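One structure below.
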Amino acid sequence: MSDLKGALSEAVEAAFAGLGLPPELGRVTASDRPDLADFQSNGALAAAKRLGRNPRELAAAVAEALAGDARLAAVEIAGPGFINLKLTDAALARRAQDIADDPRLGASAVAQPRRVLVDYGGPNVAKPMHVGHLRASIIGESIKRLYRFRGDTVLGDAHFGDWGYQMGLLIGAAMDESPAVAAAVEALNAGGEADTSAFDAVTLADLDRLYPEAAAKGKGDADYRDRARKITAGLQDRRPGYFALWQRFRDVTQVALQRDFHALGVDFDLWKGESDVEDLIDPMVAELDAKGLLVDDQGARIIRVARDGDKRELPPLLVVSSEGSAMYGTTDLATILDRKRAFDPDLVIYCVDQRQADHFEIVFRAAYLAGYATEGQLQHVGFGTMNGTDGKPFKTREGGVLKLADMIEMTRTKARERLHEAGLGENLPADEFEDIAGKVAVAALKFADLQNFRGTSYVFDLDRFTSFEGKTGPYLLYQAVRVKSVLRRAAEEGVMPGPIAVAEPTERELVLTLDAFETALAEAYDRQAPNAVAEHAYRLSQAFSKFYAACPILQAEPATRASRLALAQTTLAQLERALDVLGIAVPERM
Ligand code: ARG
């Protein structure tokens, strides 16, 4: 089933072709003047320019060729040669009915589904999440859902940072703090047995406290740093004491992170860590060596990835450090191999902070050189930062990095306030009210992020994000809930939806907006830009508002009532679908 815009494009393109004009110029777009027309084609102007002919004459010829099209109520030439198309009410009603009957709500699936892996979130053991991780989670989750809805086979992987230098720092710090931990680590490292109950006593709060101290100390103290590097190398060699303590660190962090992510409506299909590819690294290094790609560089082993014609010099990929450790990029390279074997993706999308653009360019080039992927198969989808009012990446009032759990709690608190202010949810049971506050909070954070093109940075403004007015997540939830309540009332009164007819201007506009879902999804998919879907959700709720203000539903005559009810139901279904693609869930009532 094709959308109206697509179907009309085909018709106009065919008319162009019939007149010997380049067909692709016929493509139609939504009208700039919705008061005059539904769609327009500007192609006659471009064709006239190309062929040195008169644009109005060409436009008139196209209009004549389209005259017999029963879907069109009017074809008019405007200005220098724009072709304005207005659909009949019947054609709009037919399309609305198709959308109503379509489980995909009028959105097509891709012709050739691909296997896609989305690497997003990227949290680390112990290191607190910063705004980059928040955006990576929100945008990545949406891209995963978007690709899945378009018909691809998609897996989302958290790519848990559990194998780097921070682990050495943390192990050292935990040993310094607790003699019992240190004794058990050393006994195990020496090949003996040990009582590891001290490991089990390590909590997330301990890690949160120890990591910043250790990281700061590592910066200023070369010996301390050195020790952390050695411990990291020892861990990567699986020395039993380090390994056992590390497992504890990883487990407590993972449980907490999964809980926080879940509260944000972010759930990964795979929770693979950097450590999961450890076994692949030695054979990979040997193979890279055999392929002649590794170069010795002051005790380290690197792959040079610079290319002729590079605008600036890209550093090489550091594969093995002079201490013998695998680096961040090494695990990324091995992970490419691992994913190829386990999932064989056609495309891997790395949804990570724009600040890591060089890192990915370097890793991708190394992977292409090694034959682990083909050019274009690996894509970095970067994004700007969420800033504080000072214009710098958002920090807490104390100047620290944000913790996801705190961010969610802070937003929830604000959401509760907002609900009270608006007199919403007041008479509902406490647990339902909490659920609603959670959904409002998630909608606030996610919609504020996803309404911007991902490359754009934006300012964190909780007051604005949580407002029930304006272009916000809570506004959209409120609109969706309002439709739900209309539908509930209709059900109570025994009113059933029926065949859709279209007559009023606001009904026409609503159907045209429903039709535009396809275009929004296609654009979002092609540009990896969920903001197109966010914009659609907003427009749809506005179109519904106008419709609802102008067209009574339950008070209308039976046939009109049934039609409008069907329109409302279809709007809700599509709105919830669009919000679901953004990772936003709608409560039943407020
Ligand atoms: N853990 C990394 C960080 O905090 C992000 C991981 C991104 N994904 C990747 N495959 N490197 O910066």
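Everything numeric here is computed off the predicted structure, so don't read it as measured data. Along the sequence shown, residues carry numbers from 1. One-based numbering, in listed order, for ligands and for the atoms of each. What's counted below: heavy atoms across the whole structure, side chains too, no hydrogens, waters or symmetry copies.
- Shown here is Lys403, whose NZ atom has no more than 12 heavy atoms of other residues, nucleotides or ligands within 6.0 Å.
- Residue contact check: His133 has heavy atoms under 4.0 Å from atoms 3 (C), 4 (O) of ligand 1.
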### Message
Show, in sequence, the C-alpha distance, side-chain angles and deciding distance for Phe249 and Trp246, and conclude whether the ring-ring contact (aromatic ring centres under 6.0 Å, His included) test is met.
### Response
CA-CA 5 Å; Phe249 292 171; Trp246 165 82; 9.1 Å; no
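- The only option from Asn452, Asp449, Asn387 that meets the side-chain hydrogen bond (donor to acceptor under 3.5 Å, both in side chains) definition with Tyr458 turns out to be Asp449.
- The 12-atom threshold is exceeded at CZ of Arg225, counting heavy atoms of other residues, nucleotides or ligands nearer than 6.0 Å.
- Protein heavy atom nearest atom 12 (O) of ligand 1, with residue, atom name and distance: Gln356 NE2, 2.8 Å.
- Considering only non-hydrogen protein atoms, atom 8 (N) of ligand 1 sits nearest to Asp119 OD1, 3.1 Å.
- Scanning the protein heavy atoms around atom 6 (C) of ligand 1, the nearest turns out to be Tyr328 OH, 3.4 Å.
- Close approach of ligand 1 to Tyr350 is summarised as follows: ligand atoms under 4.0 Å from at least one heavy atom of the residue are 10 (N).
- By the criterion of a heavy-atom distance under 4.0 Å, neither the backbone nor the side chain of Asp353 is placed next to ligand 1.
- What sits closest to atom 1 (N) of ligand 1 on the protein, heavy atoms only, is Asn124 OD1, 2.7 Å.
- Residue contacts with ligand 1 leave out Phe160, since none of its heavy atoms falls under 4.0 Å from the ligand.
- Among residue pairs with one or both ends in residues 342-362, those qualifying as salt bridge (charged side-chain N to carboxylate O under 4.0 Å, His left out) are Arg312-Asp358, Asp353-Arg355, Glu361-Arg365; sequence neighbours excluded.
- Only one option out of Phe261, Phe268, Tyr147 pairs with Tyr120 in a ring-ring contact (aromatic ring centres under 6.0 Å, His included); it is Phe268.
- Of all atoms in ligand 1, listed by their number and element, those nearer than 4.0 Å to a heavy atom of Asp332 are 9 (C), 10 (N), 11 (N).
- With respect to Arg248 and Asp206, no salt bridge is recorded, no charged nitrogen being found less than 4.0 Å from a carboxylate O.
- Counting the atoms of ligand 1 from 1 in the order shown, those under 4.0 Å from a heavy atom of Val352 are 7 (C), 8 (N).
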